[in-house]
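Atoms within each ligand, like the ligands themselves, are counted from 1 in listed order. On a predicted model such as this, the values are computed, not experimentally measured, just so you know.
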Amino acid sequence: MLGRLNHVAIAVPDLEAGARIYASVLGARVSAPQTEAAHGVRVVFVELPNTKIELLEPFGENSPIKAFLEKNPSGGMHHVCYEVADIMAARDRLVAEGARVLGDGQPKTGAHGKPVLFLHPKDFCGTLIELEQA
Ligand code: CO
């Protein structure tokens with residue numbers, strides 16, 4: 001069911017500072033910041049030859065990464081995103097396996113304009129998983 005690793009997301013307290021570290025210190029190509037108001041984050045994409053890193057900064061009062069940054073004030077790995085060919089088929093299979101899909105279980109439009117779902121970290125080795133329809 002799982003396809004390619006689409007991205008690894010790292011939550012950061014300061015997006016510009018994180019972008020500078022990746023661009024200047026690590027020498028990576030980093031996109032301009034964009035606000036994903038519906039997801040409560042501002043993001044930059046670090047383009048690597050085989051995948052992407054997303055740096056996420058909270059946006060708005062109800063940002064889903066606010067609590068994570070309270071626990072991890074200097075930032076940390078927040079989720080991994082795997083590609084699937086058919087997100088509804090993937091969801092139905094996971095629900096049948098007893099996994100918990102976050103929210104109302106309906107895919108939302110993710111940062112790349114494609115349907116995404118998030119899976120409960122307690123069901124997946126302590127890691128929040130995002131599925132994106134490729
Ligand atoms: Co993501």
Distances under 2.8 Å only: what protein N/O/S atoms are near the Co ion (ligand 1), ordered by chain and residue? H7 NE2, H79 NE2, E130 OE1

Ring-ring centroid check H39 F59, cutoff 6.0 Å: no

Between the CG atom in L55 and the CZ atom in R42, the distance rounded to the nearest 0.5 Å is 11.5 Å

Starting from the C-alpha separation in whole Å, work towards a yes-or-no answer on side chain to side chain contact (heavy atoms under 4.5 Å, CB included) for V80 and F124. CA-CA 11 Å; V80 294; F124 295 97; over 6 Å; no

Between atom CD1 of I21 and atom CD1 of I10, what is the distance when rounded to the nearest 0.5 Å? 10.0 Å

Note: with side-chain heavy atoms under 4.5 Å as the link, the other cluster members for V116 come out as L102, F118, L128

Pair E54-E36, side chain to side chain contact (heavy atoms under 4.5 Å, CB included): steps then yes or no: CA-CA 12 Å; E54 287 183 10; E36 304 287 341; over 6 Å; no

